[in-house]
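Being a predicted model, the structure only gives us computed values, none of them experimental. Lettering of chains follows the sequences in order, A, B, ..., and the numbering in each one begins at 1.
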2 protein chains.
Amino acid sequence: MIDTTPAELRLNLGRNLTHGLLDALGRAIVTGQYDDGPFPTEAELAKQHGVSRSVTREAVKMLTAKGLVSARPRQGTIVQPRSSWNLFDTDVLRWLLNRKFSIELLRQFNQLRSAIEPEAAALAAVLADDGDLAAINAGLERMKAAETGADQILEADIAFHVAVLKGSKNPFFAQFQDVVATALRSSIQFTNRIKGHSASIPDHAAVAHAIVKRQPEKARTAMKKLVSDVLDLMDTVEQEKNGKAAKRR
Amino acid sequence: MIDTTPAELRLNLGRNLTHGLLDALGRAIVTGQYDDGPFPTEAELAKQHGVSRSVTREAVKMLTAKGLVSARPRQGTIVQPRSSWNLFDTDVLRWLLNRKFSIELLRQFNQLRSAIEPEAAALAAVLADDGDLAAINAGLERMKAAETGADQILEADIAFHVAVLKGSKNPFFAQFQDVVATALRSSIQFTNRIKGHSASIPDHAAVAHAIVKRQPEKARTAMKKLVSDVLDLMDTVEQEKNGKAAKRR
DNA sequence: ATGTCCTATTCGTCATATAAATGAACAGTA
DNA sequence: TACTGTTCATTTATATGACGAATAGGACAT
C-alpha cells in the first residue's frame with residue numbers, strides 16, 4: 001500500500017505534486033520500504049502515484065541531490081547506503097526522526113549538539129553583535145514567559161539555541177539553525193518526556209549571561225552543561241526502555 | 001559569458017547534461033553571478049546552455065534540493081540567501097571552496113572541525129571496532145610512507161581523519177567523512193602552503209595511539225591539538241595576508 | 001487612496017518520441 | 001573450455017510541444 005493519489009500527494013506536505021511525491025518517497029526510503037525489493041522504475045512510480053513521468057523524474061532528481069538514491073540507465077534507480085544520505089538536509093533529518101524507533105538517532109544527534117553548541121556559544125561570546133544578543137535574550141524571555149504554556153516553550157527553546165548558533169558568525173555553525181530546529185520539532189514524541197527537565201531556565205540564563213558579558217569560556221561550559229543534561233536524561237530514558245542493561249555512555 | 005555548450009556541460013564534471021548544468025549553475029550562483037540581475041527563466045537557461053527544458057528543470061530541482069534556489073510561478077526562480085544553502089552538501093561546499101577568496105570560509109570550516117573531530121576521536125576510542133582501528137592505523141602508515149610523495153600525503157591525511165570519524169559510530173559525525181574529504185581536496189590551493197606543517201606525523205600518531213589504547217580523553221586532546229595547530233597556522237597565513245592587522249581569534 | 005479585476009508571465013504538469021547507456025545473453029574463435 | 005566481441009532488451013536521459021495554475025503588477029472603478 002505504498003501507492004498514493006495525486007490529491008494525497010498535494011496534501012502530504014508538498015506545495016505541489018513534485019514535493020508531495022518527494023516527501024512520500026523520502027519517507028518510504030528511510031523507513032526501509034525498498035530494502036528488500038528494488039526501487040520502482042520511473043514508469044512504475046508514475047503509475048503508482050498517478051502522476052506524469054516529469055513529476056516522477058524531478059522528485060527522483062531531488063532525492064538524488066539529497067543522497068538517498070542514484071540512477072543509471074539499465075540499472076535503474078537504487079537506494080544508496082545510509083552512510084551517503086545527507087543527514088544535515090532538513091528533509092532527510094525530518095523523515096528519519098519522524099520514523100518510529102529513532103530514539104537512538106536522537107541520542108546521537110544530541111551527542112553532536114554537545115560538540116557543536118558549546119563551541120558556538122564560545123564564538124558567540126566573542127563575535128555576536130547587538131542584534132544577536134537581543135535575539136538570545138528574547139529567546140530566554142520567551143522561555144520564562146511560556147513556562148506555563150504547553151508547546152510554546154519548545155519554540156522558545158528553539159529560538160534561544162538558534163540565536164546562539166547565529167551569533168557564532170560562523171556559517172557552518174549557523175547551518176545548524178535549521179538542523180537543530182528541525183530535530184527538536186521532529187522529536188516531540190520523545191522530548192515531551194524530557195521537556196519539563198530540559199527547559200531549565202537558570203541553565204539557559206547562565207549561557208545568555210556569559211555571552212552577553214563576553215565570557216567565551218563560561219559560555220562554553222554553561223552550554224556544555226545544558227546539552228549534556230539533555231543527553232544524560234536521554235540515556236536514562238533509553239536505559240529504562242532497555243529494562244536494566246545500559247549499553248553505552 | 002555564462003553561456004555554455006552541451007559539450008562543455010558534459011565535460012565539466014557531470015556524468016550527463018543534467019549534472020553538468022547543475023555544476024555550471026551551482027558555480028555561477030556561489031560566485032555571485034546572479035546577485036544583481038535576476039535568475040534566468042527556464043526558457044532562457046535552456047537556450048543559453050543549449051539543452052532542453054527537461055534538463056533545465058531537473059537541474060534546477062536539484063539546486064532547489066540543495067537550498068540554493070526556490071521557484072514559484074510568475075515570480076520565477078530566485079537565488080536563496082546564503083544562510084539557507086546547505087553547506088554540508090558536498091557539491092555546495094566544493095563550489096564554495098573552489099571560488100577565489102574563500103580562505104575565510106576555510107578557516108571557519110576548520111573552526112567546525114576543531115569542534116567535531118576531537119569529540120569524534122573520543123567516541124572512536126570507546127566504540128571503534130577492529131576494522132576501524134585497522135583503518136586508522138592504515139591511514140597513519142600511509143602518511144608515514146607518503147612522507148616524500150607529492151600530493152599522496154593529502155589523500156593519506158584524508159583517509160586518517162575519515163577513519164576516525166567513521167570509528168565514532170555516530171552517523172552525524174560519520175557524515176563529516178565526505179564533508180571533510182571534500183573540503184580538504186577543494187582547498188589544495190590554500191593548504192599547499194600549510195601542508196608541510198600540518199602533516200605532523202607524531203601528532204597523528206598520538207591520536208591513533210590513544211584511540212587504539214581506548215583512552216577517550218587522550219584521544220580528544222590529541223585531536224584537538226592536531227586541528228588547532230592547523231587553525232592557528234591558517235590564522236597566521238591570514239594575518240600575513242592582511243599585512244599586519246590581525247582581526248580576530 | 002483603496003479595493004477589484006484583468007492579463008501577461010512563469011513555473012507546474014502532462015504526453016509522447018527518440019537517444020544513450022549498459023547488463024546480459026549469445027555467438028564466434030583459439 | 002575459456003575468452004572476446006556482438007547483439008539485444010531494458011531503463012534512464014533528453015527533447016519537444018502543449019496546456020494548466022498561480023500570481024505580480026497594472027488598469028480600472030469606486
Side-chain angles (χ1 to χ4, degrees), chain A residues 3-25 29 34 37-80, chain B residues 3-26 29 34 37-80 91:
Chain A
D3 296 16
T4 63
T5 68
E8 287 170 351
L9 287 186
R10 265 183 225 280
L11 280 180
N12 251 349
L13 181 116
R15 306 179 286 284
N16 49 35
L17 287 183
T18 302
H19 280 77
L21 181 58
L22 169 69
D23 200 63
L25 293 179
I29 290 173
Y34 304 112
F39 197 79
T41 65
E42 285 179 11
E44 287 166 348
L45 281 178
K47 188 170 189 178
Q48 286 171 2
H49 298 88
V51 295
S52 71
R53 239 186 99 194
S54 308
V55 171
T56 304
R57 282 189 58 80
E58 285 169 20
V60 170
K61 274 284 182 282
M62 295 186 79
L63 290 174
T64 303
K66 294 173 188 299
L68 268 63
V69 304
S70 81
R72 289 170 54 191
R74 169 71 201 187
Q75 180 183 3
T77 303
I78 55 179
V79 175
Q80 293 290 102
Chain B
D3 296 13
T4 62
T5 67
E8 285 169 352
L9 286 187
R10 267 183 224 279
L11 279 181
N12 252 348
L13 181 114
R15 305 179 288 284
N16 49 36
L17 287 182
T18 302
H19 280 77
L21 180 58
L22 168 69
D23 200 63
L25 292 178
I29 290 172
Y34 304 112
F39 196 80
T41 64
E42 289 179 5
E44 287 167 348
L45 282 179
K47 187 169 188 178
Q48 286 171 1
H49 299 89
V51 295
S52 73
R53 224 187 119 194
S54 312
V55 171
T56 304
R57 283 189 57 81
E58 286 168 19
V60 170
K61 275 285 184 270
M62 296 187 78
L63 290 174
T64 304
K66 294 172 188 300
L68 267 65
V69 304
S70 82
R72 290 171 51 194
R74 170 69 205 189
Q75 181 185 0
T77 303
I78 56 178
V79 175
Q80 293 289 103
D91 287 327

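Contact check, Lys61(B) against dG12(C): a side-chain N or O comes under 4.0 Å of OP1 or OP2. Remark: Thr18(A) is in phosphate contact with dT13(C), judged by side-chain N or O atoms under 4.0 Å from OP1 or OP2. Residue Arg57(A) places at least one side-chain N or O under 4.0 Å from the OP1 or OP2 atom of dA13(D).
Here Ser54(A) lies in heavy-atom contact (under 4.0 Å) with a base.
With sequence neighbours excluded, the residues forming a side-chain contact (heavy atoms from CB on, under 4.5 Å) with Arg72(A) are Gln75(A), listed by chain and number. Contacts of Arg74(A) classified as side chain to side chain donor-acceptor pair (under 3.5 Å), with partners at least two apart in sequence or in another chain: none. Among residues two or more places apart in sequence or in another chain, the side chain to side chain donor-acceptor pair (under 3.5 Å) test is passed with Lys66(B) by Asp89(B), Asp91(B). In this structure, the side chain to side chain donor-acceptor pair (under 3.5 Å) partners of Ser70(B), at least two apart in sequence or on a different chain, are Gln80(B).
Looking only at side-chain heavy atoms (C-beta outward), His49(B) and Val55(B) stay at 4.5 Å or farther from each other. Counting heavy atoms from C-beta on, the side chains of Leu45(B) and Phe39(B) come closer than 4.5 Å.
Side-chain proximity of Ser52(B) to dT12(D), dT16(D), dC14(C): nearest is dT16(D).
Counting to the nearest Å, the P atom of dT14(D) and the CG atom of Leu45(B) are 15 Å from each other. Here dT14(D) presents its C1' atom at 16 Å from CG of Leu22(B), a figure rounded to the nearest Å. Rounded to an integer number of Å, the gap from NZ of Lys47(A) to P of dA15(C) is 13 Å. Atom CD1 of Ile78(B) and atom P of dA24(D) are 11 Å apart (whole Å). Rounding to whole angstrom units, CD of residue Glu42(B) and P of dT13(C) are separated by 11 Å. As a whole-Å value, the separation of Asn16(A) CG from dC14(C) P is 10 Å. Atoms CZ (Arg53(B)) and C1' (dA15(C)) sit 14 Å apart, rounded to a whole Å.
For the side-chain contact (heavy atoms from CB on, under 4.5 Å) with Val60(B), the qualifying choice from Thr77(B), Leu21(B), Leu22(B), Leu68(B) is Thr77(B), the only one to do so.
Listed by residue number, the members of residues 67-77 of chain B with any heavy atom below 4.0 angstrom from DNA chain C are Ala71(B), Arg72(B), Pro73(B), Arg74(B), Gly76(B), Thr77(B).
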